[in-house]
Amino acid sequence: TSNVANENNYLMVKPQYTLSYNRSRATANWVAWRIASTWLGSTSRQDDFRPDPDLPSGWYRVGDTDYSGSGYDRGHMCPSGDRTNSVADNSATFLMTNMIPHLPANNQGPWAQFETYSRDIVAQGNEVYVISGVHGNIGTISGGRIVVPATTWKVILVLPVGNNDLERVRRDTRAFGIVIPNQGSIVTTWRSYRKTVREVEELTGYDFFSLVPRAIQEVIERRVDRL
Ligand code: MN
């Protein structure tokens, strides 16, 4: 909720994405957004990493240099490449509340590949719902302020372009996820890390796609994706 007392699961709704902020981690728990052709254009990366001015007053605001020298990338949750329709929308992806300490081999490897793959799905006449987040704790950076996650995860749901999306989710709707370690050696192929939605739910404790009728969730969340 957007109640500041709820400081480790604080809802922030932006035009470009929605997130659950965790004050004790100084990162989001998760970030959710939609990719559709209307969000995609030719705007270049703005690279204007900066504190999020919408955090409640008195909370530490992670700045653009807080990850410097840590060995971790400032890893986008909602990617710059998913918001290229305008300067303002691309710039919003560089708010530090959209960043996590991301192992470079993960961020620049299978994670980046899966971001591209998700946009390729959109280019084929679809829209994609994405929820992405962190799990676990393998230490901190920035003098103990920012928690480094043990794993990073993502789930996606694919629909053909259209309206009334919730009503269009059916038993044959494609939905699956990835879980990638944020430590150790990482292979480049995102498919090596593919999971069912249900597996990501069991890891994180979240109920994804909870507005979809339960009987449909049971089918699409258990289906093993092989495409
Ligand atoms: Mn679910």
Quick one: does Val148's side chain get under 4.5 Å of Asn182's, heavy atoms only? yes
Any side-chain heavy atom of Leu19 sitting closer than 4.5 Å to one from Met77? no
Donor-acceptor pair, distance only, cut-off 3.5 Å: does the side chain of Asn126 make one with the backbone of Val158? no
Enter the distance from Leu159:CG to Asn164:CG here, rounded to the nearest 0.5 Å. 11.0 Å
Between CD1 on residue Ile100 and OG1 on residue Thr97, distance to nearest 0.5 Å: 13.0 Å
When you measure from the side chain of Asn3 to the backbone of Ala5, do you find a donor-acceptor pair of N or O atoms at a distance under 3.5 Å? yes
Kindly indicate whether the side chain of Arg50, heavy atoms from C-beta on, has any atom under 4.5 Å from the side chain of Ser91. yes
For Thr84 and Asn90, which I'm curious about, is there any donor-acceptor pair between the side chains at under 3.5 Å? no
Rounded distance [0.5 Å steps], CG in Leu211 versus CG in Asp165: 12.0 Å
For Ser24 and Asn8, work out which heavy atoms get closest and say how close. N-OD1, 2.9 Å
For the residue pair Arg25 and Gly136, what are the closest heavy atoms and their distance? NH2-O, 2.6 Å
Looking only at atom types and distance, does a side-chain atom of Glu221 sit under 3.5 Å from a main-chain N or O of Val197, one as donor and one as acceptor? no
Apply side chain to side chain contact (heavy atoms under 4.5 Å, CB included) to the pair His76 and Val31, showing each step before the final yes or no. CA-CA 10 Å; His76 286 71; Val31 181; over 6 Å; no
Identified side-chain hydrogen bond (donor to acceptor under 3.5 Å, both in side chains) partner of Asp89 from the options Lys14, Arg83, Gln16, Gln46: Gln16
Side-chain heavy-atom pair Thr116, Arg119 within 4.5 angstrom cut-off: yes
Would a distance-only check, ignoring hydrogens and angles, find a side-chain to backbone donor-acceptor pair under 3.5 Å from Asn85 to Leu40? no
So, do Asp64 and Arg74 sit near enough that their side-chain heavy atoms are less than 4.5 Å apart? yes
If Ile, Leu, Val, Met, Phe, Trp and Tyr residues are connected whenever their side-chain heavy atoms lie under 4.5 Å apart, and connections chain through other members, are Leu166 and Ile35 in the same group? no
Are Ile146 and Val134 linked, directly or through other ILVMFWY residues, by side chains that come within less than 4.5 angstrom of each other? yes
Mind checking the CZ-CE spacing from Arg61 to Met96? Nearest 0.5 Å is all I need. 14.0 Å
Between Arg145 and Val62, is a side chain to side chain contact (heavy atoms under 4.5 Å, CB included) present by the stated rule, with each step listed? CA-CA 9 Å; Arg145 287 194 189 104; Val62 175; over 6 Å; no
Under 4.0 Å between a Lys/Arg side-chain N and an Asp/Glu carboxylate O for Arg222 and Glu218? yes
Are a donor atom and an acceptor atom from the side chains of Ser68 and Thr65 found within less than 3.5 Å of each other? no
Any luck finding a side-chain donor-acceptor pair between Tyr206 and Asn29 under 3.5 Å? no
Regarding Arg191 and the six-membered ring of Tyr117, is the cationic atom NZ or CZ under 6.0 Å from the ring centre and inside 45° of its axis? yes
Treating Arg223 as the side-chain partner and Thr173 as the backbone partner, does any N or O pair qualify as donor plus acceptor under 3.5 Å? yes
Ring-ring centroid check Trp30 Phe208, cutoff 6.0 Å: no
Any chance the rings of Trp111 and His102 have centres within less than 6.0 Å? yes
Can you name the nearest heavy-atom pair linking Ser80 to Arg45, along with the distance? OG-CG, 3.4 Å
Side chain to side chain, Ile121 and Arg174, heavy atoms closer than 4.5 Å: yes
Between CE of Met12 and CG of Asp54, what distance do you get to the nearest 0.5 Å? 5.0 Å
Same apolar cluster: Val147 and Tyr21, side chain cutoff 4.5 Å: no
Correct closest heavy-atom pair for Ser2 and Leu11 would be CB-O, 3.7 Å
Are Ile131 and Trp190 linked, directly or through other ILVMFWY residues, by side chains that come within less than 4.5 angstrom of each other? no
Candidate list Tyr193, Phe114, Phe209, test ring-ring contact (aromatic ring centres under 6.0 Å, His included), partner Phe176, passing option: Phe114
Nearest heavy-atom pair of Pro110 and Ala105: which atoms, and what distance? CD-O, 3.4 Å
How are the rings of Phe94 and Phe49 set relative to one another: parallel (under 30°), tilted (30 to 60°) or perpendicular (over 60°)? perpendicular
Would you say Arg198's side chain and Thr196's backbone share a donor-acceptor pair under 3.5 angstrom? no
Take atom CZ in Arg168; do more than 12 heavy atoms of anything else shown fall under 6.0 Å from it? yes
For Ile141 and Ser70, which heavy atoms make the closest approach, and how far apart are they? CG2-CB, 3.7 Å
Using the ring-ring contact (aromatic ring centres under 6.0 Å, His included) rule, collect all pairs that involve residues 50-72, keeping only residues at least two apart or in two chains. Tyr10-Trp59
Does the side chain of Pro56 come within less than 4.5 Å of Arg23's, by heavy atoms? no
Nearest-0.5 Å distance, CD1 of residue Ile186 to CG of residue Asn107: 11.0 Å
When hydrophobic residues are tied together by side-chain contacts of less than 4.5 Å, even through go-betweens, does Met99 share a cluster with Leu55? yes
Note, Val179 side chain near Glu199 side chain (heavy atom, < 4.5 Å): no
